[in-house]
Structures are given as structure tokens and as C-alpha cells.
Amino acid sequence: MVILLKASMGFFVYKCSVIFYNLPKINKSQNSLSKVSVSSFNIERELQNLIENNLELVLGVQFIVSEFTVGHYRLDTVAYDSEVRAFVIIEYKRTSKDSVVDQGTAYLNTLLQHKADFTLAYNEKLGARARVADFDWTQTRVVFIAGSYTNYQKDAIDNPNLPIELYEARKTENGYLTLLQIINNSENSRFANNVNTSLSQSKTIPKAADVDQVSDLKPYTEAMFMDRAAANICDLYDELKAAILLWDSEFEVKPTKVYIGLRIKHHNVVDLLPQKNQLKIWINLSKGELNDPNDLLRDVSSIGHWGNGDYEVIIKDDTQIEYILSLIKQAWEKYRQ
């Protein structure tokens, strides 16, 4: 994923499939191209300020505290992911030569050993009265943002059990910031039966408040859900997801503990839960917002449910998929603006 930020009076986010290190610039009057220079940040604090001031826009998380001293470390940025109720530690580097695995693991261990300190920082920032048990510590993660990474560092995070993300940051002469996320190849596996860390094979996941070791942290993947579902449900999920992703290149797929979210601009459009013999779907619209002439979806606004939004439907085959896609498109139209 690449994010382009315009650093001017306002900040605008664009996503595309490639990063532009020598970006051609179109001269409309002469119908010609010229190169735009791309460089790294010379001052780490410049990059940190830019990211911290636009965290929700860039990473979809909420700023909590900067330069947070805890244990033996000073963490550049502590943020909060409200969707999964988990903290995110962000570290900035002009260049990255050290082991991101060792540093990331040290930060994660520190967080798990000082949960009360992070909870206090959260309460002080937001004026809340949250307790340690209110957070999901199993979904904590570390994000590194640097000018570049070595191949060794990129390969080191190619592990679905490692809650560490890498972003490469560059700036262009015409005032844009590019952020390229280094994607783990392991997360792209379609065949869940080949994944050794699937939910059915893994050890019992401890309660969120009882997590004390990095080994207990487990980033959630699509493969974990596919492993529990029958082959026809996996195909149904793939068919629905593929159709939705064709609408907009800005869609992101975000697996969580209880569903797989399809998001745009950090807003969930629809949440999908592949189960053994059925696919559960939640459309992220409030009661009264959805036009459902066939009255297919159930109103769950007054009952507990995992997904976002007030509308739910369960399907076991593709007989209604075109109609359901038309309903999901209403949520897409709302959040793509």
C-alpha cells in the first residue's frame, strides 16, 4: 500500500499500487513529462511531527502520547486503534540499520509488562476511566517508519506471527510524502490448510488482559478464518470480496479477532465472518440509512453483534450475492467521499 500526503494547507491521502521514487510530472501546457525528485527526511523529528499530526488520516489510529518513557525505553509515539481496542507503538528512523525484530520485540515486551502505564496515558489523553481489562492486548503492534530498509529487515518480518509493520517514507520536491508499506508475503496465502498457525491448530489464545508475553500476541489473518470454513464458504467469501475490491483501489482488507473488515479511508464498509457452513455479513450503516427493498437484512441495532453497522445477513450460497452487493455499495458510496 502506498499513501501520498500533500503537505500544504491541508493534507490529502491517495493510495495507489506503486511507489514513485522518480515520479514523472506532466506539463499540461506542453504535454510533456519531467522527473520529480524524491528524497529521505534529513531530520527524524520532521517526519515524526508530520505523522503525529495526521495519524488518523495516515494510519487510521488515534494519537495518545509522544516521547513516552516507560521501562528502559522512550517510545516515539503511542497511538490507539479503536477498532480492535489495542495500542500501537510507532518508531521513526531516518535510516534503519538495527534489527527491527529485536527492537520491536523489546517494545512489545515493555508494553505487556507496563499495561497500567499505557492505560494511564490513554485516560489522561482522552479523559477516560478505562481499566487494563478494557483493552485487547493480543492485538498490540509496532510500526516502524524509515527512509529505507535492508532486504534482511524486510525478510525478517515475513512472519504472520510477528505484530510488526514496516513503512518506507520519502518526500518529493513538489510537497508530497510517500509511505510504502512493506507487506508480508505470508499474509497472502489463500490456502489456509497450509498455514501452521491457524486458529484450529494454535494453542488456546489467553484472555486479552492476561497476555504477558510477545509469544501470546497473534496478528489475525484471512487464512485463520478460511481454515474454519468449508470450501464452498471460502469460495463465497472470495467471490464477494473480489467483487467489492473491484469498485475502488483504496479498499483495504483488515482481519481482526472476530471478523474481516473491508475498509476505505479507514472506515469499515462491510465486515465478513466466514464460518463453517455460512458467511455472516454486517453492513456498516446506521438504522434507517439502508435502502433494502427486499427486506433481506436483519436489524441488529438493539442486540449485540461483532461487526460494524446495524444490518446483518447470513448467506450459504451465491443466490442473493448480486442483491447483497448492491446493498453494500450504499455503504461504499457513503465512506468513499
If you round to the nearest 0.5 Å, how far is CD of E165 from CZ of F144?
-> 11.0 Å
Across all chains, not counting sequence neighbours, the side chain to side chain donor-acceptor pair (under 3.5 Å) partners of W247 are none
Answer yes when E250 and R263 have at least one side-chain N-carboxylate O distance shorter than 4.0 Å, and no when they do not.
-> no
Quick one: which residue pairs count as a salt bridge (Lys or Arg N to Asp or Glu O under 4.0 Å) with a foot in residues 312-324, not counting sequence neighbours?
-> R298-E312
With sequence neighbours left out, which residue pairs that include part of residues 328-337 fulfil the salt bridge (Lys or Arg N to Asp or Glu O under 4.0 Å) condition?
-> E289-K334, E333-R336
Not counting sequence neighbours, which residues clear salt bridge (Lys or Arg N to Asp or Glu O under 4.0 Å) with K241? List them please.
-> E222
Results of salt bridge (Lys or Arg N to Asp or Glu O under 4.0 Å) for R74 - residues two or more places apart only = E67
Residue list, side-chain contact (heavy atoms from CB on, under 4.5 Å) with Q330, at least two apart or on another chain | L285, L290, N291, L327
Quick one: which of D76, N49, T77 gives a side-chain hydrogen bond (donor to acceptor under 3.5 Å, both in side chains) with Y92?
-> T77
Got a sec, which residues hit side-chain contact (heavy atoms from CB on, under 4.5 Å) with T140, two or more places apart in sequence or on another chain?
-> L108, L111, W137
Ionic contact status for K280 with D271, cut-off 4.0 Å = no
Can you name the residues that form a salt bridge (Lys or Arg N to Asp or Glu O under 4.0 Å) with D310, not counting sequence neighbours?
-> none
Measure across Q275 and Q278 and return the closest heavy-atom pair with its distance rounded to 0.1 Å.
-> OE1-NE2, 2.6 Å
Residues which pass ring pair (Phe, Tyr, Trp, His ring centres under 6.0 Å) with Y323, listed by chain and number, not counting sequence neighbours | none
Exercise: identify the closest heavy-atom pair between V142 and G104 = CG2-O, 3.9 Å
So do Y149 and E168 actually touch side chain to side chain, heavy atoms under 4.5 Å?
-> yes
Partners meeting side chain to side chain donor-acceptor pair (under 3.5 Å) with E239 (sequence neighbours left out) = none
Between M226 and C234, which heavy-atom pair has the shortest distance, and what is it?
-> O-SG, 3.5 Å
Is a salt bridge present between K287 and D299, judged by a nitrogen-to-oxygen distance below 4.0 Å?
-> yes
What residues, two or more places apart in sequence or in another chain, satisfy ring pair (Phe, Tyr, Trp, His ring centres under 6.0 Å) together with Y80?
-> F87, Y122, F135
Taking ring pair (Phe, Tyr, Trp, His ring centres under 6.0 Å) as the test, write out the residues that go with H114, two or more places apart.
-> none
May I ask you to check whether F118 and F68 place their ring centers less than 6.0 Å from one another?
-> yes
